[in-house]
Amino acid sequence: MMKRTRKQIHKEHTSTFGTATTGLLTAGWLLLQSLTPLPAALAQSDDKDLSYGELIEQIEQGQVREVDIYPLRRLAKVKLEGQSEKDEPRQVVLFAGDRNGELLQHLQEHNVDFDVKDAAGGSALAWVLPNLLFALVLIVGLLLLLRRSVNASGNAMNFGRSRARFQMEAKTGVMFDDVAGIDEAKEELQEVVSFLKKPEKFTAIGAKIPKGVLLIGPPGTGKTLLAKAIAGEAGAPFFSISGSEFVEMFVGVGASRVRDLFKKAKDNAPCIVFIDEIDAVGRQRGTGIGGGNDEREQTLNQLLTEMDGFEGNSGIIIIAATNRPDVLDAALLRPGRFDRQVIVDLPTYKGRLGILEVHARDKKIAPEVSLDAVARRTPGFSGAELANLLNEAAILTARRRKEAITMLEVNDAIDRLTIGLTLTPLLDSKKKRLVAYHEVGHALTASLLDHSDPLDKVTIIPRSGGVGGFASYIPKEENVDFKLDTFAELLDQITHALGGRAAEDIVFGVDEVTVGASSDIKAVTDLARKMVTRYGMSSLGQFALEIPNNEVFLGRDFIPRSEYSDDLASKIDAQVRAIAFQCHEKARRLLQENRPLMDKIVDVLLEQETIGGDQFRKIMEEFAKSPEKELAVNRTGD
Ligand code: ADP
Ligand code: MG
Ligand code: ZN
């Protein structure tokens, strides 16, 4: 602690905090002074203490040898002339406010040794600290405010640049071989890679290298993966950034990031710029509620400008991915920007097989497992879901302490992903019997109908999400990806869906039917309605009464408009009801005619909880040959 004059104190403040802060510090100090009540212990004075007035008096008279000032404790310790070194110094309570300046002046004038002790010592710390913290928070808060406004006005460019987060990754470790099932997209992008590798080949015949390629498709179909594969294969620098990273709280930062990205890209050409989830910035401008989003619009404008700014053959290719092409600004899609649009759709049967093969590479799979069968059982799965499926199967295998994944684990994983987690089986009860009849009702109608897929299994092991049991089917090979339903097939689908309720009805009576069939009934209503209003499959005629709400993944969530009169609406309802009624009757009839067979299957199901498709068919076959069947036929013939 060195002795110093008032001037020096001021200087030190200046050098640490800067001029603006000194003002703040003073303000904080004054605030502190006026807010802090005097601690009782210090306010009390004993006979050793001097008053402020006495101190000034003593100074004037030259009686003061040395003064230590503790501004934070508002205290001065005074040693008077003639006081021995061992004596306790006299304490003086100082005034609040700026009166201390007066004291310092007096001390200087009379050449008294004084020392300002900034740090509060010992016991005083306990009450000084909270005040100090308060002042500090205040100061830091003010400083931040100050800094922000300075940045926003002058340094936005630097601010954005310093925080740009796009990465340059030459090695993603992904190759074209790792991407399967989306061959058209792959081919298109392979071409892009060859543009980068041998541009002369294309420019020689006057072909323009595409500036941008937009990958469009539902989530999990491998768009990001494909872009990474390009990075791995092209051998060119690869800048990747996600659209959401352009979106910032501060206006202008996104735009400066775009500028910066393109600057880097130009420096590193030939190269690839990948913008994932571009819909985050590329949305239609001026559609936001309350006048739109200025920041995003500026970013998008900058992106458009930059894409126009570089020449066609400069060696920068922009790849972007989105699953919401419908919300993209039209300006992004016009030729000269993203002039190539590649659809990356859900994989077909063949694609699924390819993807399964890719992900099976690094897993131990028993030779009996037929990936072909897995691909057949997973229509509608995306690449990501297939990868997840095999991973689930591997986890199940490990949990069951097996050496390699078998078909059992794969099938369990499929059920788990499509239906839900298995729960403990129900105890024997009427409820369990009802579920068994319901599910066998589905399975048996399906087996008795002309147009239905072969049964995979029927089970009454409950699953999460309120599923009491289910019957599943393996799509026929010709139906796996492209199913052109006929009128008769649709009717059979509805009949099958009503088989569960029909069985409850027959066995337990109309009073006992349950809510368990609600999803069946919803499906029936939807399908029957479509038959009437879209497929022209009723006596109302062959015209579409409703516009299909197609391409759900594209996110166009408009509500289908009805363009018909109330009169026609009630006619449609009548037709829908007729279809449902007719199919329900058929299901009832089929099951009633086969009641003994149904009872027998239910007995097996109650005992086993699950019946596989093959066993189910065997039970049916044996039953047909057995004397029970004869009896049954005779009985219904009565
Ligand atoms: P998105 O289309 O949503 O960007 P991703 O590329 O992120 O989907 O896919 C997620 C994961 O799913 C990938 O890392 C990969 O493991 C798997 N996957 C998706 N599609 C494929 C595919 N066509 N071939 C192989 N794996 C795929
Ligand atoms: Mg993605
Ligand atoms: Zn059902």
Side-chain angles (χ1 to χ4, degrees), residues 172-186 189 214-232 240-244 274-280 319-325 342-348 350-363 375 381-391 419 434-446 458-460 466-473 493-505 513-524 553 584 587:
T172 51
V174 181
M175 292 289 159
F176 274 137
D177 265 358
D178 300 323
V179 186
I182 40 175
D183 294 335
E184 292 88 21
K186 220 164 107 174
L189 289 184
L214 183 61
L215 302 173
I216 303 170
T221 44
K223 299 180 294 296
T224 308
L225 188 73
L226 199 53
K228 283 185 178 159
I230 293 186
S240 94
I241 187 164
S242 171
S244 61
F274 176 53
I275 306 175
D276 209 353
E277 319 282 351
I278 194 173
D279 43 284
I319 301 171
T322 182
N323 46 27
R324 302 288 312 268
V342 179
I343 305 283
V344 187
D345 219 338
L346 288 174
T348 59
K350 257 186 140 173
R352 290 195 296 277
L353 186 57
I355 295 171
L356 286 167
E357 277 162 1
V358 166
H359 290 278
R361 269 189 226 148
D362 57 352
K363 297 195 174 59
F381 272 51
S382 68
E385 284 167 324
L386 290 170
N388 188 22
L389 168 65
L390 284 187
N391 193 46
I419 297 164
L434 191 132
V435 172
Y437 270 103
H438 181 105
E439 298 310 333
V440 172
H442 283 306
L444 193 55
T445 33
V458 53
T459 172
I460 51 168
V467 179
F470 63 92
S472 61
Y473 306 87
Q493 279 178 34
I494 294 178
T495 308
H496 158 253
L498 288 167
R501 168 54 72 84
E504 290 181 40
D505 200 0
V513 294
T514 66
V515 298
S518 62
S519 62
D520 294 337
I521 287 170
K522 183 173 182 306
V524 167
F553 87 86
H584 186 244

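Order of listing sets the numbers, starting from 1, for every ligand and every atom in it.
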Practice item. Would you mind reporting whether R361 and D177 have side-chain heavy atoms less than 4.5 Å apart? Key: yes
Practice item. Flag yes if more than 12 heavy atoms outside K522 fall under 6.0 Å of its NZ atom; otherwise flag no. Key: no
Review point. Would you say the side chain of F470 lies within less than 4.5 Å of the side chain of V458, judging by non-hydrogen atoms?
Key: no
Review point. Under a 4.5 Å cut-off applied to non-hydrogen side-chain atoms, are L346 and S382 in contact?
Key: yes
Study note, to complete from the structure: Output for ligand 1, non-hydrogen cut-off under 4.0 Å, lists D178, V179, A180, I182, P219, G220, T221, G222, K223, T224, L225, I355, H359, G383, A384
Check your understanding: Just by distance, with hydrogens left out, do S244 and E277 show a side-chain donor and acceptor under 3.5 Å apart?
Key -> no
Review point. Mind checking whether K350 and D183 have side chains closer than 4.5 Å, heavy atoms only?
Key: no
Exercise for review: Please find out if the Zn ion (ligand 3) and some N, O or S atom of D520 are separated by less than 2.8 Å.
Suggested key: yes
